[in-house]
J.: 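Quick one: structure below, then a few questions.
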Amino acid sequence: MNDKDKLSGQPLESFAEPTAQFHVSSEAASRSAAEDPRVVDAVKRFMAMMESGNAPEVNAFCKEYPDIASTLEPCLAGLAMLQKGFGVKRPLDENPTHFAGSIASIDGSMPSALGDFQIVKEIGRGGMGVVYEAVQLSLGRRVALKVLSFAGALDAVRLQRFRNEAQAAAQLHHTHIVPVYAVGSDRGVHYYAMQLIEGRSLADVIASIKDSRSSLENSSRSATGANTPSTAQLSTNTTNTLTTAPFDSTQSTNNRSLRDRHFKSLAKMIVQAARGLDHAHSYGVVHRDIKPANIMLDPVGNIWITDFGLALVQTDSNLTRTGDLVGTLRYMSPEQASGGLAPIDHRTDIYSLGITLYELLTLQPAVIGVGYNELSNQIAHVDPRLPKSIDATIPSELETITLKSIAKDPKDRYATAAHFADDLQRWLDDKPILAKPPSLLQRFGKWRKRHAGLVAAGIGFLILSGVALLGTTIAVLREQSKTQAALERETTHRIASDISFQQARRAVDTFSQLGEIELANRPDLKTLRREFLETSLDFYRDFIDAQGKSPTLQEELSATMGRVEKLVEALKRLDRFEPLKLLAYPSVQNEIRLDGEVANFVTDKIHSVEAMEDGGSGGESRSEPSEDRVEEFEAIENKLTDSQRKRLNEIHRQTRLPFIFKSIEIAELLALTQDQRKLIGLIIEQERPDRASKKRNNNGRGMNNGRSNMPNNNRPPHEPDFPGPPPIGGMREPPMHGPRPGDSRFDRELIESQTKRTVERIIDSLDDQQKKKWADLIGEPFAIEY
Amino acid sequence: MADSSSTALHEQLKQAIAGDRDALGGILTRHGSYLKMLASTQIHQRLRGKADPSDMVQETFLEAHKQIDTFRGTSHAEFTGWLRGILAHLLAKHFRKYIGTQQRDIRLEQSLNQELDQASGCFERGLVAKLDSPSTKLMQNETMLALATALDALPVDYRTVIILRNIQGLPFKEVALAMDKSVDSVEKLWVRGLAKLKLEMDPQ
């Protein structure tokens, strides 16, 4: 350590010269000890050994490096301490130095080691991840290492479930179950180490039997091939009893016995697998993903079930990849395919093993289909073709056993995998099997279930034809009464539809009444009222169209509609005059540059309108513009120039922010879409100051006295309505968020900023064209002096 | 070293749980370096150093003082794990502030928690080998704290390389990148750091 100071004084670049990891430079010896690249290499080597779990004692290791041992020793001791405290962290993409050369992870994508396992080569890829051949360093044995590619997507719960399952599976010791050596994770990569089985999966076996058979057919068709090379294909790989010798059923007894042997060898495989499963089941471990690809056949003819404990984690996330999905779905039991509706127990494995047997026998999948829905429908409802209908040489007992194992209802299957194995064994031993072929009645029952529609139709036809015979005889007699019945039916139908029409009508009438009368007293709900009325107008139009035939009804409806229409018109007109009311304020008159004379005229008129309201027609009709007032307003309007009117409108819009966005006028001018309108409503609602903190003022008339500046929930846009209840105040009152006399400055500012933010958000939601249009509609900001 | 101190530590923990603030302070101080190390690994990874690990440790201490009543464990390892949980929570809060809305979900905290556990070696250990008895666990916990303290005392370059390589498990290539040095120089720093660490832990 005393050279540390010396070293740190040097520029770091001096260490940066490239040195091969194992290259021992001759100059190195002359350098100071810690600079010796051999020290670095030795420490790295020791770390690699630690990481693989087979590090020797520090002292023993140091003995290998006698000349640098004294420098090496503290480094290794430090490393060992770190390991003791924090465990081993192995970077996945770093070449372990002690294996340098033996493994080339050229692209860095293949991990060279995981935990105790040194990866040798990739031997397969599947939905679950990549399978590597690897060496377990601590024990020096070869293993199959399955690296779970989905682990990154697993949450803690699923990961824990995987671990539990895998650990349960690791407890299984059976001659037909691939032993799990270890389950672990290394820097977030989860792996599963199993005994390496040299052999092929049943999926491969099926494929190669198929191959050999088709090539056999070809060759026997083309020539009298004494011996087809392809038949040897399988037996070169395996030395088991499985034969793929000539299957040509036209051939003699010799071939017949060959075929028998073939089927027996298949049955033996399934017997072994079933025994393995039974063992697992007896420990409460259900495989859930039995399929040809998960059953291995070793060269001696032994069967090994693999991938116990993986099915549980293999849910949604990685099943979404369609290829894997189909590969797995085909072998799924009906209860699995039902998507969690039915409980899943060990019998799911029996089904899947049965389906595997089916495929071994027939060389085609029992469930054929594309896509999740088709497959799961088939699994749930469609019985696969009878094996013998695919290949007549399949022994009937084998067919019976297969069919029993793949019954849709778990209750109809073998109760245990052992029973399944036993029954197969009985057949192998030429003893009578326990499974019974389905009786005619059962078959009919199944057939009926499958063709429920057809059966119903058939029965229906039978009944009908019987009835028809009877029917014709009395048809004439019935003719008259039939007509009668039809008439009655028609009448009932009409009454019914009449009733529903009346109901609808009543609803709309109520609706429009609400708009016409009730809401008239709520100047603050003017916008809402107009929406009500306009909507009910639409309904009336529909009614008139639909009930075109009845003149009385037409008349009635038209009258109502006319009334509503007039109201809407009046309200629209009122809207038009709304800006004019602002002319009561001198500051507004100044802003739009009214000449002295016109100004005087306008002021007079405005006052006379106010007076009219004060004297007020009062009561219900208050919000309806009377003819006089309309005249007065029109007189004022006529005095204004176009540009004055435009500016007045702009100012008026400014006073009504942000609720002006909800007005029909703006909605039309900006051509707001339905969605935009909704959004605007939402924004206004969201930005509204905290409602809970403010006392409610439900009384529309009392609102001005309430002095609740914050617009509250119940009383949406507080819009001044002409003629507003308090004579002057109502008119003078700045509409929305505007300040009022008596407001504290704070309140005013708060409201202003609130409004500003709301408006900004709304404008943000507009498209460019609308934004431009809006800028034109709103003009320069102007603050009215009240 | 572990034996004498571990009984003392256990005693201290018991007092802290019983409500002794001084005992809690003492025991927290012992965890300071350790938490700082954990915090710095995460801050390094996710924030590129935009926060001070010491601040995170201070906040963790504050929270621990506030929440000690909610601690339900009895063992030292549980206490350490509890502190890690607080740290993970605070880190998650902090990251959200910097990283923004994109990771605003509970998983961030979960994964942080997991990463911190992992950085502490507990995670894998429990998985691969179940050999750890409670007493070896305690020893390990002890060693961990002592190591963290020793690491904290190292010159910053030594500490950084060891944390990145041995605690976070980065390959040297990435360590070099993170430290803006060549692979060779970080490897040399590492070797020297290891020796220095040994010296800190065990001066003989």
Side-chain angles (χ1 to χ4, degrees), chain A residues 1 3-4 7-8 11-19 21 34-37 39-44 47 51 53 71-95 108 115-116 155-157 159 163 167 182-188 190, chain B residues 34 37 107 110-111 113-115 118-130 139-148 150-151 155 157-158 162 165-175 181-202:
Chain A
M1 270 311 90
D3 22 52
K4 182 224 145 195
L7 287 168
S8 59
L12 283 163
E13 285 67 34
S14 67
F15 300 112
E17 60 198 0
T19 37
Q21 278 181 346
E35 270 181 79
D36 194 330
V39 176
V40 173
D41 287 340
V43 179
K44 278 166 75 177
M47 179 168 64
E51 282 166 347
T71 320
L72 200 53
E73 196 272 337
C75 302
L76 300 183
L79 194 58
M81 286 170 175
L82 275 174
Q83 187 213 10
K84 205 169 140 210
F86 299 106
V88 177
K89 298 295 171 331
R90 151 160 276 304
L92 289 174
D93 46 350
E94 187 158 285
N95 256 347
D116 188 20
D155 51 61
V157 177
L159 214 50
R163 269 181 240 130
Q167 271 161 7
V183 188
S185 71
D186 191 351
R187 286 197 70 212
H190 294 263
Chain B
Y34 168 69
M37 181 199 79
R107 267 174 298 178
Q110 274 176 355
S111 75
N113 222 330
Q114 212 171 350
E115 277 170 37
Q118 212 156 355
S120 306
C122 312
F123 194 60
E124 285 159 289
R125 204 164 290 256
L127 246 182
V128 182
K130 301 199 116 187
M139 290 273 288
Q140 192 201 323
N141 214 35
E142 279 292 287
T143 320
M144 215 161 67
L145 291 192
L147 267 172
L151 270 173
D157 272 357
Y158 290 174
I162 290 174
R165 177 59 188 82
N166 293 89
I167 315 290
Q168 275 185 260
L170 295 181
F172 280 117
K173 227 167 34 201
E174 280 176 43
V175 176
K181 294 187 192 312
S182 73
V183 172
D184 261 316
S185 55
V186 294
E187 283 180 353
K188 283 176 176 144
L189 279 173
W190 175 64
V191 168
R192 290 203 294 272
L194 288 175
K196 187 95 168 85
L197 180 71
K198 195 258 162 190
L199 207 66
E200 284 285 338
M201 293 283 289
D202 179 15

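In what follows, every heavy atom counts, from backbone to side chain, and hydrogens, waters and symmetry copies are set aside. Chain naming here is simple, since letters A, B, ... match the order of the sequence lines and numbering starts at 1 in each. All figures in this text were calculated on a predicted structure; none of them were measured in a lab.
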J.: Using a 4.5 Å cut-off on heavy atoms from C-beta on, say whether the side chain of A/V43 contacts that of B/E187.
T.: no
J.: Which atom pair, heavy atoms only, marks the closest approach of B/V191 to A/V39?
T.: CG1-CG1, 3.6 Å
J.: Which heavy atom in B/K198 sits nearest to a heavy atom in A/P74, and how many Å separate them?
T.: CB-O, 3.3 Å
J.: Measuring only between side-chain heavy atoms, which start at C-beta, is A/V40 closer than 4.5 Å to B/D184?
T.: no
